[in-house]
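Side chains are part of it too, since the values below use all heavy atoms of this structure and drop only hydrogens, waters and symmetry mates.
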Amino acid sequence: MHYVGKDIVHRGAALELDPQKLESSLAHSARKNVRKAQGFGFEISRAVGTPEELSALRALWYFPEDPNFPEAIGEEDALYLARLEGELVGGMILVAVGTHYFLNNLLANDRGKAGQLQALLLWNAVHDLADSAFTYIDIGASYRPNLQRFFQKWRSFDYPILFNPPERLPQISFLPFHRLAKTSGEADDAKIRAFCQGRPYTILPSRDIALEVARDRGLEVRESTVPTPDASEVELVDLVQLLPVAHGALLVGEEIPIKDLWIDHGCYDFVKTESLGRVLSAAADDWTDLCAARLLAWQSLAAFFERDDVEVAQATAFPTTFAIRVASTEALASRYSTFGVDARVEDGVLHLPCHQELNEAEIEYVYAIYRGHLNLCSAWTPTGVRGRLTVGT
């Protein structure tokens, strides 16, 4: 059987290139391994990556025929070679990705492993690259328990990562409506009017209906995410963009008599009007918390993406999407759709869902998809070769 999973959110490890933070973030066992290696007599040097150096290093790799082993070293990449009594016993290849390094290869022969060389190579890189333009080493995530434990012992921070779409996709939409829910309480005109900034209003079944009614009545309308204080024009607020409802719109600044909606426009739906009235009344009570929850979703996404030097569009008071400018926006938008996440590209900017109904797991899922795209392993050729497996602590 050739099983390929990688379709559940995993945790990757990142090692900051800051020697002062290294001592506090490093696990006790990792520090112990470094001290052992420091007394073993290894000599570590930075190398340019000649064909001879890479060939010698490849011979030490657990699978020398690995098609993913680098054939050359880029100008910004970092290669370290380690020798013991003149013998090449291991090395490390770091590949530059934006403003961080990706740990492409970390290897040692039996003599190197006996002296915990891998630990010393990472320790050395943090000190050697501390003044570089790069901020951290992406150590990565492994699906081998023993290797994952090693990675996590070296993490300054971890991050969610996902390579393949799950068999059952979530549905993470631009809209906050996820599931049906009963509405309780009573519609309160005073609360709805306060929500509408003290202006008259009309509840309608949908945005399209609202536009048609406004056109038939000769009203000039401006579409707005939320009602605007002191607005002079009639505003159209699409409630499905704002609240977890499947329908509804508001014309703010215009109160249209029910008789006109029934006779002239044929669109008065008293069931939806009463239901939406209850929802709007409840939203008016919770408006501060609702706005805070939506902004928190934006801030949580930004905290993930900004670590990768992604250009994040500034948040508004009530963000409707999370917008980023990255390379390969169209490819990323397509990738997101295959994972069950809404995405669109406008003027070279990728827009992702951002609203108050997103939970922590969904926010991590959205970032994990991008991180899987960013990770160089996503483009590797499967070899079918499995390393040594150990379980337990």
Side-chain angles (χ1 to χ4, degrees), residues 171 173-298 316-321 353-359:
Q171 297 299 318
S173 167
F174 282 121
L175 306 179
F177 176 71
H178 280 189
R179 64 191 67 84
L180 294 172
K182 287 189 175 181
T183 56
S184 58
E186 297 294 331
D188 187 320
D189 177 70
K191 290 180 179 179
I192 300 173
R193 193 171 291 270
F195 176 82
C196 294
Q197 305 295 331
R199 304 174 69 200
Y201 66 90
T202 302
I203 298 175
L204 290 160
S206 70
R207 171 184 174 275
D208 290 345
I209 293 294
L211 285 171
E212 189 173 339
V213 168
R215 186 193 64 220
D216 291 347
R217 297 180 76 86
L219 298 174
E220 293 285 339
V221 300
R222 177 175 65 86
E223 295 201 52
S224 180
T225 306
V226 295
T228 307
D230 304 319
S232 57
E233 64 270 72
V234 176
E235 293 180 298
L236 193 164
V237 177
D238 186 359
L239 294 178
V240 301
Q241 302 281 346
L242 181 68
L243 300 169
V245 293
H247 40 246
L250 278 174
L251 284 179
V252 180
E254 183 76 10
E255 185 172 357
I256 302 173
I258 291 174
K259 183 184 70 170
D260 290 2
L261 295 175
W262 181 264
I263 296 175
D264 298 342
H265 304 291
C267 66
Y268 179 64
D269 186 330
F270 86 93
V271 181
K272 284 184 180 176
T273 300
E274 290 181 359
S275 175
L276 290 167
R278 292 192 293 271
V279 171
L280 284 165
S281 298
D285 284 337
D286 301 331
W287 186 242
T288 299
D289 291 342
L290 189 152
C291 292
R294 187 172 281 234
L295 187 57
L296 179 61
W298 186 94
T316 61
F318 196 84
T320 55
T321 66
C354 181
H355 52 73
Q356 70 275 14
E357 296 299 310
L358 292 179
N359 61 36

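The side-chain contact (heavy atoms from CB on, under 4.5 Å) check on Ser275 picks up Thr183, Arg278, with sequence neighbours excluded. A search for side-chain contact (heavy atoms from CB on, under 4.5 Å) contacts involving Ala292 returns nothing, not counting sequence neighbours. Remark: Glu212 engages no residue in a salt bridge (Lys or Arg N to Asp or Glu O under 4.0 Å) (not counting sequence neighbours). Contacts of Thr225 classified as side chain to side chain donor-acceptor pair (under 3.5 Å), with partners at least two apart in sequence or in another chain: none. Judged as a side chain to side chain donor-acceptor pair (under 3.5 Å), and not counting sequence neighbours, the contacts of Gln356 are Arg294. Not counting sequence neighbours, the partners of Glu223 by the side chain to side chain donor-acceptor pair (under 3.5 Å) test are Arg207. For Arg215, there are no salt bridge (Lys or Arg N to Asp or Glu O under 4.0 Å) partners, not counting sequence neighbours. In this view, Trp287 and Phe195, Phe318 satisfy the ring-ring contact (aromatic ring centres under 6.0 Å, His included) rule, not counting sequence neighbours. His265 pairs by the side chain to side chain donor-acceptor pair (under 3.5 Å) definition with Arg217, not counting sequence neighbours.
Just one residue in the list Val237, Leu175, Thr320 forms a side chain to side chain contact (heavy atoms under 4.5 Å, CB included) with Leu242, and that residue is Val237.
To the nearest 0.5 Å, atoms CD1 (Ile203) and SG (Cys196) are separated by 8.0 Å. Leu204 contributes atom CG, which lies 11.0 Å from atom NZ of Lys272 (distance to the nearest 0.5 angstrom). Rounded to the nearest 0.5 angstrom, Thr316 OG1 and Leu295 CG are separated by 8.5 Å.
Residue Ile263 places its CD1 atom among more than 12 non-hydrogen atoms of other residues, nucleotides or ligands, all under 6.0 Å distant. Crowding of Asp230 atom CG: a count of heavy atoms from other residues, nucleotides or ligands under 6.0 Å not exceeding 12.
Shown here for Pro244 and Glu357, the closest heavy-atom pair between the two residues is CG-OE2, 3.8 Å. For Cys267 against Val213, the heavy-atom pair with the smallest separation is SG-CG2, 3.7 Å. When all heavy atoms are compared, the tightest approach of Leu358 to Cys354 is CD1-CA, 3.9 Å.
Within the structure, salt bridge (Lys or Arg N to Asp or Glu O under 4.0 Å) pairs that include any residue of residues 235-250 comprise Arg199-Glu235, Arg222-Glu235 (at least two apart or interchain). Note on residues 186-195: pairs passing side chain to side chain donor-acceptor pair (under 3.5 Å), not counting sequence neighbours, are Asp189-Tyr201, Lys191-Asp285.
A donor-acceptor pair under 3.5 Å is absent between the side-chain atoms of His247 and the main chain of Pro205, judged by distance alone.
You'll find the side chain of Phe177 stays beyond 4.5 Å of the side chain of Val240, heavy atoms only. Ile192 has its side chain within reach of Ser281: a pair of non-hydrogen atoms, C-beta onward, lies under 4.5 Å apart. Contact of the Leu243 side chain with the Val279 side chain is registered, since non-hydrogen atoms from C-beta on lie closer than 4.5 Å. Contact check for Leu280 versus Leu239: side-chain heavy atoms found under the 4.5 Å cut-off.
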For residues 248-259, which side-chain donor-acceptor pairs fall under 3.5 Å, sequence neighbours excluded?
none

